[in-house]
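Beneath this line is the structure, given in structure tokens, with notes to follow.
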Amino acid sequence: MTPLFRRVLTAALLLAVFVPAVLWAPAWLWAILMAGLIGMAAYEWAHLSRFPPLSARAYAGLLTLCALALPWLLAADWPGYQTALILLAVVFWLLVAPLWLLGRWRAAHPFVRAVVGVAVLLPTWAALLYLHARGPGVLLGVMAIVWIADTAAYFAGRLFGRHKLAPVISPGKTWEGVAGAFVAVVLYAAVLSAVVGMPLLSLLIMVSGLLYLSVLGDLFESWIKRLSGMKDSGSMLPGHGGVLDRIDALTSTLPIATGLLMWLERSA
């Protein structure tokens, strides 16, 4: 089985499980599933950060427990804390992460890595709950931007890739791949505009911004893996690596998209 076939087969199987969950899982089951997802990603983050095995399991367990318990414990106060988590992600992805990559920070101290893991993963979980509550179409519409961009970048990079995007951080990524992703998400925006009736210019601005964030999330995880001397965050998903490898671009796009939606809802 070729690497490309494994990659496509794994993606198809993931979609076959994930899409029905988005469409039909009740809120309580969705929350449990997403807590498990974040727990697996947290374990891989701890592994990349070189936590000892027991500490890595404890860290993953703690984040899973937070994801399961916070909405229930906070009850009526949960929406305010959910907004705070989204704001944390906005600050991290729009300010901290770009400076981190520009400065090529190592930030190897376990406490720093633990805090960054919280800033990356818990807002992603909060965004998954918020967008799912707004309807499956909203969540899938946002996630489709990342999926389309990732797929187009992969194939455009393989076919036309010549000029490295960030050779020190991620040697495999190319400007041609980014260009392919941009063309794909522009076409997606055009189709979406025709289907839902939103202004094309507004959609183009939105998808372009989310494409930037998608690339940023991908590069950020690539830098952490490079510092750790690892090619993948894990081996759970054949052809894709680990769970964190599969959701790295979503960790940067979903919280920002959620923050934008929150702002639009409160401005209406």
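FYI, the numbering just counts along the sequence from 1.
Rounding to the nearest 0.5 angstrom, the gap separating the CE atom in M143 from the CG atom in L15 is 9.0 Å. To the nearest 0.5 Å, atom CG of residue L192 and atom CG of residue L200 are 10.0 Å apart. The distance from the OG1 atom of T251 to the CD1 atom of I38 is 9.0 Å, given to the nearest 0.5 Å.
Here the two rings, on Y43 and Y59, have centers that are 6.0 Å apart or farther. Here the two rings, on F18 and W30, have centers that are under 6.0 Å apart.
Listed by chain and number, the residues in a ring pair (Phe, Tyr, Trp, His ring centres under 6.0 Å) with F220 are F92, W93, W100 (sequence neighbours excluded). Considering only residues two or more places apart in sequence or on other chains, E44 meets the side-chain hydrogen bond (donor to acceptor under 3.5 Å, both in side chains) condition with S233.
V96 and V115 are not part of a single hydrophobic cluster, where members link through side-chain heavy atoms under 4.5 Å apart. With hydrophobic clusters built from ILVMFWY side chains whose heavy atoms lie under 4.5 angstrom apart, V91 does not share a cluster with L261. Linking Ile, Leu, Val, Met, Phe, Trp and Tyr whenever their side-chain heavy atoms come within less than 4.5 Å leaves L54 and W45 in two separate clusters. No path of Ile, Leu, Val, Met, Phe, Trp and Tyr side chains, each step under 4.5 Å between heavy atoms, connects L73 with L62, placing them in separate hydrophobic clusters. Under a hydrophobic clustering in which Ile, Leu, Val, Met, Phe, Trp and Tyr are joined whenever their side-chain heavy atoms come within less than 4.5 Å, directly or via other members, L99 and V112 fall into the same cluster.
Within the 4.5 Å cutoff, side-chain heavy atoms of L260 are placed close to those of W263. Contact annotation: the side chain of T253 never approaches that of I145 to less than 4.5 Å [non-hydrogen atoms, C-beta and beyond]. At least one side-chain heavy atom of P98 sits under 4.5 Å from a side-chain heavy atom of Y212. The shortest side-chain heavy-atom distance between L254 and V146 does not fall under the 4.5 Å cut-off. The shortest distance between side-chain heavy atoms of V243 and L37 falls below 4.5 Å. Residues M262 and L87 have side chains not in contact (no heavy-atom distance under 4.5 Å, counting atoms from C-beta outward). Put simply, the side chain of L122 does not reach to within 4.5 Å of the side chain of L88, judged on heavy atoms.
A side chain to side chain donor-acceptor pair (under 3.5 Å) check over residues 121-138, counting only residues at least two apart or in different chains, returns the pairs Y130-R134, Y130-E265, R134-E265. Within the structure, side chain to side chain donor-acceptor pair (under 3.5 Å) pairs that include any residue of residues 175-191 comprise H163-E176 (at least two apart or interchain). Every pair passing salt bridge (charged side-chain N to carboxylate O under 4.0 Å, His left out) that includes a residue from residues 195-219 is listed here, sequence neighbours excluded: K173-D218. Residue pairs meeting the side chain to side chain donor-acceptor pair (under 3.5 Å) criterion with at least one member in residues 79-90, sequence neighbours excluded: T83-R266.
Side chain of S214 to main chain of L210: no donor-acceptor pair is present (N/O by atom type, distance under 3.5 Å, no hydrogens or angles). In this structure, K225 contributes its side chain and M230 its backbone to no donor-acceptor pair below 3.5 Å. Looking at K164, its side chain never comes within 3.5 Å of a backbone N or O of T174 through a donor-acceptor pair. In this structure, the side chain of T151 does not engage the main chain of I148 through any donor-acceptor pair within 3.5 Å. Formation of a donor-acceptor pair under 3.5 Å by the S193 side chain with backbone atoms of A189 is not found in this model. Remark: side-chain polar atoms of S170 are not paired, donor with acceptor, to backbone N or O of A166 under 3.5 angstrom. No donor-acceptor pair closer than 3.5 Å links the side chain of S208 to the backbone N or O of I205.
For the pair D150 and R246, the salt-bridge criterion is met [side-chain N within less than 4.0 Å of a carboxylate O].
Using cut-offs of 30° and 60° on the angle between ring planes, the pair H109 and F111 is perpendicular.
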